[in-house]
Amino acid sequence: MSLVEEGADDYTQDGTVDLRGNPVRRSKRGGWTACSFVVVYEVFERMAYYGISSNLVLYMTKKLHQGTVKSSNNVTNWVGTIWITPVLGAYIADAHLGRYWTFIVASTIYLAGMLVLTMAVSLPGLRPPHCSEANVDNCKKASTLQLAVFFGALYTLAIGTGGTKPNISTIGADQFDDFHPKEKAHKLSFFNWWMFSIFFGTLFANTILVYIQDNVGWALGYGLPTLGLAISIGIFLAGTRYYRHRVPAGSPFTRMARVIVAAVRKWRVRVPSDAKELYELDLHEYTKKGKFRIDSTPTLRFLNKACVQTGTTSPWKLCSVTQVEETKQMLRMIPILIATFVPSCMMAQINTLFVKQGTTLDRSIGSFKIPAASLSGFVTISMLVSVVLYDRFFVKIMQRWTKNPRGVSLLCRMGIGLVLHIVIMTVASFTEKWRLRVAREHNLVESGGQIPMTIFILLPQFLLMGTADAFLEVAKIEFFYDQAPESMKSLGTSYSMTTLGVGNFLSSFCLSTVADITERHGHHGWILNNLNASHLDYYYAFFVVLNVLNFAFFLFVAKLYVYRAEVSDSMVVLKEELKGLEKVHNQEVPVT
C-alpha cells in the first residue's frame, strides 16, 4: 500500500471514531478483531439470561410457593419488561451517551441485578422454608422482604438488559464500514456468527443450566450464569481499544414528536395542492450526510401540515417533507405491529404453561430425569434447522413461482408464521385433552400426581414453535428494519422488540382474566394450581380462536399496506454492489 493510500484510504468513511472522537484507521480498529469480543460476549450473555428465564416459573412455584396463574404472570410481566426497556436504552444511546457508554453503564446494572438474584436464591433467609405439599396453597408464602429482594433483583436486571440488548448487536455491526466493499461483505458474515452465538448460548442454558437447577441446586444454577455474565463483560471491556464508535446523532422519537406537534399546532392551516410549495431541505444537505430525500405522499395527509411554511423556523413548528414522510412510514407500520402481539403472546407460553405441563409428565429416560424447561431447547434447534432449510430450499423453490428475490414477500412469510401459530395451539389443545384423559383414567385428578405419559408428547408443540419463529420472527425483524426509513432503522428494530414485550403483558392479561372469569359463580376454573384438575385444553382452544381472529386482522391490514419505495441512484448502485458481493461470497448465507 502506498503512502497516499495509507493516509487516506485507511480511514473509515462511515463516520466512526474512537472514544475521543478522532477518525479511526480500519487497520487499527474494527473488523473481525473487534467483533470477536462482541460475539463471545453474546454467547455468555445469552447463557446468563436464558439460564434465569427458562426455569424461572418453576423456581417461583417450588421455592416461592406461588400458584400457576401468579407464577406464570410474574414471569411474563418480567419478560415483557425485558423487551420493553430496550426502547429506552436505544433512546439514551442515540440521543445522549452513545452506544458504548450506555452499554457499560447498563452492564454494571445488569451484573448487580444478577449478583443480588443469586444471593436471593442461595441464602435460606431470603426464601420461604421448604415445603413438600402438592398444593402450594398449603405452604408458607414468601415474606414481603423476601419478595422485595427477589423481584427487586429481577427488575434491576431488566433495566440493565434494556441498555445492553439494543446496543451490543449494533456495536458489532459498527465495526464494519459500509463504504468499503470487503468490510460490507464481512458484515453479512458477522450477522451469521451473531445468530450462531445466540443459538449456542440459549441451547446451553436450556439444557445444561436447567439440569443443574433441577438436580444440583438453584445456588449453583444461578451462580454460573452470573459468573458467565461477569466473564462476558470482562471480555467486552478487553476489546475496548479495538472498537469503532458512532457519535450520538439524536433520537428518532424526537424527530417524530416534532412532526406530530407541528401538525397539531397548524391544524387550521391549509395544505397547498402543489407539493413543491412544502418546506424541504436542499438535496445537497442530504447527500453530504449520506441520507435520502423522500418525496411527499398523499397518505396521512394531516401530517403534511407540519411542512407548510408559515414564517417560523422553529423545529417544533416547521419540519421538512422528508422528516414528515419518515414519520408517516413509522406510523404506517403500526397496524402490522399490532398484528404481531398475539403470536408473541403464544411464545410466552413456552417458559410458563408449557413448562408447567412438563412437570406433570414422566421425564425419565432410564435413570436420567429430563428437566421440564429443557424442552424449550427444541424450539431453538427447530428454528435453526428451519432457517437453514428456508434459505437453502424454500426460497429457491418459491423464486421460480413468484419471481421474488426473497421467495415470498415479508408479509407473506409472516402470514405463514401466523397460520403455524393456529396449528400450534390446536395441537397443544388436543395434546392437553389427551393428558387430562389419562389423568382421569389413573385417578390422578385430585392428587395432582405424575401422569404415566412421556414428556415427549409435548415435543410437537415445541418443534412447531421453532418452525413458526423461522417464518414469523425472522420476517418480523427484517420487515421492521427494511421498511423503516434510512435514518430510523434503530427505531424500526425496536418495533420487533416491543411486540415481544407487549405479547408477554398480553399473556398475563389473558391468563388472569380467563382464570378469574371461569371461576366465577362457583364454577370449576380452567387454570388451577393442580393442572390435572384444570382445563388448559379449553384455554389453548381459546388461543386458537384468538389466533384465527388475529390472522383475519392481519390479512386486512396487510392488504392495505404499501411497501416503502425510496428510489435513488445510490440505492441502485448499492443493489448492484450487493449482487456482486453475493457472487464472491456465495458460501455465506445472510440472515434474513
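Quick caveat: nothing in here was measured; it's all calculated off a predicted structure.
Judged by distance alone, with hydrogens and angles left aside, the side-chain atoms of S386 form no donor-acceptor pair with the main-chain N or O of M383 at under 3.5 Å. Remark: the backbone N or O of A158 is paired with a side-chain donor or acceptor of T161 at under 3.5 angstrom. For the pair T431 (side chain) and V427 (backbone), a donor-acceptor distance under 3.5 Å is present. One N or O on the side chain of T76 and one on the backbone of N73 form a donor-acceptor pair closer than 3.5 Å. Remark: the backbone N or O of R241 is paired with a side-chain donor or acceptor of R29 at under 3.5 angstrom. Under a 3.5 Å cut-off, the side chain of T467 and the backbone N or O of L463 do form a donor-acceptor pair. Not one N or O on the side chain of R127 forms a donor-acceptor pair closer than 3.5 Å with the backbone of K63. Looking at Q213, its side chain never comes within 3.5 Å of a backbone N or O of N55 through a donor-acceptor pair.
Between M346 and I424 the shortest side-chain heavy-atom distance does not fall below 4.5 Å. Annotation: side chain of F150 is in contact with side chain of M60 (closest heavy-atom distance under 4.5 Å). Residues F479 and M414 form a side-chain contact, since some pair of their non-hydrogen atoms from C-beta on lies under 4.5 Å apart. Considering only heavy atoms from C-beta on, L389 stays 4.5 Å or farther from F394 through its side chain. Side-chain contact between T498 and W83 is absent, with no heavy-atom pair separated by less than 4.5 Å. Counting heavy atoms from C-beta on, the side chains of R363 and D214 come closer than 4.5 Å. Inter-residue side-chain proximity for L209 and P225 is flagged as met; some heavy-atom pair is nearer than 4.5 Å. I370 has its side chain within reach of F456: a pair of non-hydrogen atoms, C-beta onward, lies under 4.5 Å apart.
Minimum interatomic distance between A373 and V210 (heavy atoms only, all atoms of both residues): CB-CG1, 4.0 Å. For the pair N77 and F505, the tightest heavy-atom approach, listed with the atom from each and the gap, is O-CE2, 3.4 Å. A pairwise comparison of heavy atoms in I84 and G501 identifies CG1-CA, 4.0 Å as the closest pair. Among all heavy-atom pairs drawn from G113 and A153, the shortest one is O-CB, 3.6 Å. In terms of heavy atoms, A106 sits closest to G163 at CB-CA, 3.4 Å. Listed here is the closest heavy atom pair of P343 and L418: CG-CD2, 3.5 Å.
With I233 as reference, L237 is the one residue of L237, I235, I231 to meet the side-chain contact (heavy atoms from CB on, under 4.5 Å) rule.
Between Y100 and Y243, the ring-plane angle classifies as tilted under the 30° and 60° cut-offs. Below 30°, between 30° and 60°, or above 60°: for F37 and Y242 the angle between ring planes is below 30°, a parallel geometry.
A donor-acceptor contact closer than 3.5 angstrom is absent between the side chains of N504 and S344. Between T118 and T226, the side chains place a donor N or O and an acceptor N or O closer than 3.5 Å (distance only, hydrogens not considered). A donor and an acceptor atom, one from each side chain of T202 and T380, are nowhere located under 3.5 Å apart. Residues T499 and T340 have side chains that bring a donor and an acceptor to within less than 3.5 angstrom of each other. Neither side chain, S107 nor T164, offers a donor N or O lying under 3.5 Å from an acceptor on the other. Side-chain contact, Q349 with Y540: no donor N or O sits under 3.5 Å from an acceptor N or O. Using modelled atom types and a 3.5 Å distance limit, the side chains of N206 and S54 yield a donor-acceptor pair.
Taking the ring axis of Y390 as reference, the NZ or CZ atom of R413 stays within 45° of it and closer than 6.0 Å to the ring centre. Remark: K165 is positioned above the aromatic ring of Y49, its terminal NZ or CZ atom under 6.0 angstrom from the ring centre and at most 45 degrees off the axis. A cation-pi arrangement, defined by a distance under 6.0 Å to the six-membered ring centre and an angle within 45 degrees of its axis, is absent between K62 and W218.
Residues F103 and Y110 place their aromatic rings such that the two centres sit no closer than 6.0 Å. Taking the six-membered ring wherever Trp is involved, the centroid distance between the rings of Y495 and F480 falls below 6.0 Å. Between F543 and H421, the distance separating the two ring centers is not shorter than 6.0 angstrom.
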task: Would you sort out whether E473 and L500 count as a side-chain contact (heavy atoms from CB on, under 4.5 Å), showing the intermediate values?
output: CA-CA 10 Å; E473 294 306 308; L500 293 171; 3.8 Å; yes

field: Full working for side-chain contact (heavy atoms from CB on, under 4.5 Å) between F462 and I350
entry: CA-CA 8 Å; F462 282 92; I350 296 173; 3.9 Å; yes

task: Verify side-chain hydrogen bond (donor to acceptor under 3.5 Å, both in side chains) between D362 and T454, making sure each step is shown before the conclusion.
output: CA-CA 5 Å; D362 182 10; T454 176; over 6 Å; no

- prompt: Going through the checks in order, is the ring-ring contact (aromatic ring centres under 6.0 Å, His included) test met by Y211 and F368?
  reply: CA-CA 10 Å; Y211 177 81; F368 179 75; 5.2 Å; yes

task: Just do the side-chain contact (heavy atoms from CB on, under 4.5 Å) check on V387 and L384 with the steps written out, would you?
output: CA-CA 5 Å; V387 165; L384 178 60; 5.8 Å; no

query: Between V79 and N351, is a side-chain contact (heavy atoms from CB on, under 4.5 Å) present by the stated rule, with each step listed?
result: CA-CA 10 Å; V79 175; N351 291 331; 6.0 Å; no

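Sulfur-to-sulfur, C131 and C139 sit under 2.5 Å apart at their SG atoms.
By the 6.0 Å contact criterion, OH on Y155 is enclosed, its count of non-hydrogen atoms from other residues, nucleotides or ligands being greater than 12. Counted within 6.0 Å of NZ on K141, heavy atoms from surrounding residues, nucleotides or ligands total more than 12; the atom is thus considered enclosed.
Annotation: the span from Y59 atom OH to S71 atom OG amounts to 13.5 Å, rounded to 0.5 Å. Considering CD1 of I82 and CD1 of I52, their distance stands at 10.0 Å, rounded to 0.5 Å. Taking OG of S382 as the start and CG of L464 as the end, the distance is 7.5 Å to the nearest 0.5 Å. How far CZ of F253 is from CE of M256: 8.0 Å, rounded to the nearest 0.5 Å. Atom CG of L203 and atom CZ of R46 lie 14.0 Å apart (nearest 0.5 Å). Note that OG of S72 is 6.5 Å distant from NZ of K356, once rounded to the nearest 0.5 Å.
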